[in-house]
Amino acid sequence: MSTKKRVYIPKNKTNGQVKGKRKIWVESVKYLTLEEYDRLRETIKLYSRPELVNRNLLLIAIALNNGLRASDVVTLRVGHVLNKTKTRVIEQKTGKAKTLFWNNCLAEIIDYLNDLDYHDENDYLFPGKQDGHFSVHGFYEMLQRMARKTGDKKIAAKLGTHSFRKTFGRQLYKKGVNVEIISQLFNHSSERNTRHYLGIEQEDLDKVVQNFKFE
């Protein structure tokens with residue numbers, strides 16, 4: 001009788017993204033600096049197919065300015081953004097409600113809707129073949145293509161769909177927002193998860209050791 005081989009999945013790495021035969025762990029995806037984000041935007045404008053420029057710009061704008069998971073970005077409906085400055089959604093992963101604000105990406109929304117051929121507000125904002133909407137994998141693949149086009153190996157190595165969520169959180173933390181608040185915005189189960197996710201847990205530990213002085 002054959003037995004199925006058990007596959008070991010490292011702790012905290014159950015949310016890897018499959019790419020071909022490889023699994024891309026969230027830990028390997030890093031936040032972007034403002035310069036890197038601007039470079040990515042310019043690269044999208046230069047190298048995306050003309051009909052996809054506004055779509056790709058809106059994907060990253062929504063993900064960044066609301067700290068959204070890719071699964072929540074690609075499943076948005078036209079009605080979530082049409083003539084609105086904010087909306088309420090239910091997160092795909094947690095099942096929890098989240099308020100999204102469009103004040104920082106209104107220009108991208110207007111440009112995109114002007115080109116989008118939609119029938120009503122229930123249509124997916126980012127249509128695609130898989131389940132009717134653009135897929136998370138398709139989002140990731142687009143980012144990787146654009147990252148390579150930047151010519152910057154550092155950007156290509158760290159860019160993923162979680163980069164924008166991490167950038168959002170890091171920027172809030174940099175501006176002095178309490179980790180407890182960021183954790184609530186992310187709907188994380190604990191502040192420690194948030195610190196680990198953003199990479200600030202190790203930084204704080206390093207600072208303690210770096211500033212130690214025996215006196």
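Just so you know, residue 1 is the first one in the sequence shown, and it goes up from there.
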Single-linkage hydrophobic cluster Leu46~Tyr112, side-chain heavy atoms < 4.5 angstrom: yes
Close side-chain approach of Arg39 to Asp152, heavy-atom, < 4.5 Å: yes
Heavy-atom check, side chain of Leu59 versus side chain of Phe164, under 4.5 Å: no
Shortest non-hydrogen contact between Tyr124 and Gly132, atoms and distance: CD1-O, 3.3 Å
Minimum-distance pair of heavy atoms, taken over all atoms of Cys105 and Asn65: CB-ND2, 4.3 Å
For the student: nearest non-hydrogen atoms of Thr167 and Ser163, plus distance: OG1-O, 2.6 Å
Neighbour count above 12 (heavy atom, 6.0 Å) for Asn103 CG: yes
Pairs flagged by salt bridge (charged side-chain N to carboxylate O under 4.0 Å, His left out) wherever residues 65-84 is involved - sequence neighbours left out: Arg69-Glu91
Row check, Tyr47 ring normal vs Arg145 NZ/CZ: under 6.0 Å, within 45°: no
For the student: nearest non-hydrogen atoms of Thr161 and Val136, plus distance: CG2-O, 4.3 Å
All pairs passing salt bridge (charged side-chain N to carboxylate O under 4.0 Å, His left out) where residues 106-131 contributes a residue, at least two apart: Arg41-Glu108
Euclidean distance, Leu185 CG relative to Arg165 CZ, rounded to 0.5 Å: 9.5 Å
Listed pairs under 3.5 Å, donor-acceptor, residues 169-181 side chains, sequence neighbours left out:
residue	atom	partner	partner atom	Å
Arg170	NH1	Leu198	O	3.0
Arg170	NH1	Glu203	OE2	3.1
Arg170	NH2	Tyr31	OH	3.4
Arg170	NH2	Glu203	OE2	3.1
Asn178	OD1	Glu180	N	2.7

Salt-bridge criterion met for Lys45 and Glu42 (N-O under 4.0 Å): yes
Spacing of CG belonging to Leu159 relative to NE2 belonging to His162, to within rounding of 0.5 Å: 12.0 Å
Donor-acceptor pair, side chain of Lys86 and main chain of Thr99, under 3.5 angstrom: no
Check against side chain to side chain contact (heavy atoms under 4.5 Å, CB included), Asn104 and Leu64: CA-CA 10 Å; Asn104 289 323; Leu64 175 69; over 6 Å; no
Cluster overlap Tyr37 with Leu106, hydrophobic side-chain contacts below 4.5 Å: yes
Residue among Thr75, Leu82, Leu113, Val74 satisfying side-chain contact (heavy atoms from CB on, under 4.5 Å) with Leu125: Leu113
Leu76 side chain reached by Ile62 side chain, heavy atoms, under 4.5 Å: yes
Distance (rounded to the nearest 0.5 Å) between His188 NE2 and Asn193 CG: 6.5 Å
Arg88 CZ to Ile90 CD1 distance, which is reported to the nearest 0.5 Å: 7.0 Å
Spacing of Asn66 atom CG and Lys98 atom NZ [to the nearest 0.5 Å]: 7.0 Å
Plane angle bin for Phe134 and Phe139 - parallel if under 30°, tilted between 30 and 60°, otherwise perpendicular: tilted
Common cluster, Leu100/Ile110, ILVMFWY with side-chain heavy-atom separation under 4.5 Å: no
Heavy-atom closest contact (Phe186 atom, Gly67 atom, distance): CE2-O, 4.0 Å
Heavy-atom closest contact (Asn56 atom, Ser48 atom, distance): ND2-OG, 2.9 Å
Under 3.5 Å donor-acceptor, Thr150 side chain and Ala156 backbone: no
CZ-CZ distance between Arg55 and Phe126, expressed to the nearest 0.5 angstrom: 8.5 Å
